[in-house]
Protein chains: 2
Amino acid sequence: MKLEKTFGDTVKKLREDKNLPLREVAEALNIDTSMLGKIEKNSRKPTKQIIEKFAKFFKVSSKDLTIAFLSDTVAYQVMEEEDFSSEVFKVAEEKVEYLKTKKSPEK
Amino acid sequence: MKLEKTFGDTVKKLREDKNLPLREVAEALNIDTSMLGKIEKNSRKPTKQIIEKFAKFFKVSSKDLTIAFLSDTVAYQVMEEEDFSSEVFKVAEEKVEYLKTKKSPEK
DNA sequence: TACTTTTGGACTGAAGTAGTCCAAAATGAA
DNA sequence: TTCATTTTGGACTACTTCAGTCCAAAAGTA
């Protein structure tokens, strides 16, 4: 699975590589055709369930697809707010580390 | 300015280091006391304007405060979704890079 | 021309959330 | 214990955001 610039581009590529129309994929995933079109255009976000369906249908790793999706949303979020993106991500990663150790049973 | 585990902890520390009650800081920032309490407890998010007011009042860098805040929100967002956090941040940073070059006038 | 796909506008219902108000709980001083 | 102040959080409102739907126009194809 190739990582495109956005989640929408990624799933669009998966679909076009198989020469399938939106309608057909949408039916397979059991979602509205227009909804799928919007997801490909990044104007609607997929739910976790839809990401799972994508992964199954296109036979790609759902972890990779989830990374593609989450990285999109956090990238846009940080972009909106001026710069400092790499600092934000660096600190965020430390916080995740900290939160993880807090969650798992200590010792 | 010390970076605490969360944005709330960070501003709480700034306040307690000066031995000020919530009421007093809230008045200075012109927000509800309860609102400030909630921000310190991370149950409400500060607006950009409030972050600016914090920075001014406590005489700390608004950039640092913004990083403290943004890293909080993206950390929680990624935490909620299983693991892969570092991969997500890595990809997100690449996307930000790409988006930045797209925004600024090419060539 | 006729058919299919793609795109996007407009809307709805639901979910989320900033901000307010108030009162109970905690803290602390006398 | 009492009194005053601070801290905490519940409940509510108003507002915004957004997934999901429906539909129709535009674009593409034969």
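Heavy-atom basis, side chains included; hydrogens, waters and symmetry copies ignored. Note that the structure is predicted; figures quoted are calculated from it, not measured.
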**Message:** Checking contacts here: which listed nucleotide (dT6(D), dT7(D), dT8(D)) is nearest the side-chain heavy atoms of R15(B)?
**Reply:** dT7(D)
**Message:** Suppose we screen for side chain to side chain donor-acceptor pair (under 3.5 Å). Which residues come up paired with E4(B), at least two apart in sequence or across chains?
**Reply:** none
**Request:** Can you see which heavy atom on A68(B) is nearest to which on K95(A), and at what distance?
**Result:** O-NZ, 2.8 Å
**Prompt:** Counting only heavy atoms not in K48(B), do more than 12 fall under 6.0 Å of its NZ?
**Reply:** no
**Request:** Scan nucleotides 24-30 of chain D nucleotide by nucleotide, 5' to 3', and note B when protein non-hydrogen atoms come under 4.0 Å of the base, S if they reach only the sugar-phosphate, - if neither.
**Result:** -------
**Item:** Test side chain to side chain donor-acceptor pair (under 3.5 Å) applied to K90(B) - qualifying residues, sequence neighbours left out
**Value:** none
**Message:** Applying side chain to side chain donor-acceptor pair (under 3.5 Å), can you list everything that pairs with E24(A), at least two apart in sequence or on another chain?
**Reply:** none
**Item:** Heavy-atom check, side chain of I51(A) versus side chain of T47(A), under 4.5 Å
**Value:** no
**Fill in**
Whole-Å distance, I50(B) CD1 to dT17(C) P, equals 16 Å
**Complete:** Quick note, ring pair (Phe, Tyr, Trp, His ring centres under 6.0 Å) partners involving residues 26-62 of chain B, not counting sequence neighbours, are none
**Message:** Using a strict heavy-atom distance below 4.0 Å, which residues from residues 62-72 of chain A are in contact with DNA chain D?
**Reply:** none
**Request:** Just jot down the side chain to side chain donor-acceptor pair (under 3.5 Å) partners of T73(B), sequence neighbours excluded, or say none.
**Result:** none
**Item:** Near-strand residues of residues 24-47 of chain A, defined as heavy-atom separation under 4.0 angstrom from DNA chain D
**Value:** D32(A), S34(A), M35(A), K38(A), R44(A), K45(A), T47(A)
**Request:** Please identify each residue that fulfils side chain to side chain contact (heavy atoms under 4.5 Å, CB included) with S86(A), with sequence neighbours left out.
**Result:** E93(B)
**Prompt:** L22(A) CG to dC23(D) P: how many Å, rounded?
**Reply:** 19 Å
Output side-chain donor-acceptor pairs under 3.5 Å for residues 36-46 of chain A, partner residues at least two apart or in another chain, one line each.
unit_1	atom_1	unit_2	atom_2	d
K38(A)	NZ	S34(A)	OG	3.0
E40(A)	OE1	R15(A)	NH2	3.0
E40(A)	OE2	R15(A)	NE	2.7
N42(A)	OD1	G8(A)	N	3.0
N42(A)	ND2	T6(A)	OG1	3.0

Dump every N/O contact between nucleotides 25-30 of chain C and the protein below 3.5 Å, one line per pair.
none

**Side-chain ion pair, K13(A) and D17(A), N-O less than 4.0 Å** = yes
**Prompt:** Of all residues at least two apart in sequence or in a different chain, which pass the side chain to side chain contact (heavy atoms under 4.5 Å, CB included) check with S85(A)?
**Reply:** V78(A), D83(A), F89(A), V96(B), K100(B)
**L65(A) vs V11(A) side-chain heavy atoms within contact, under 4.5 Å** = yes
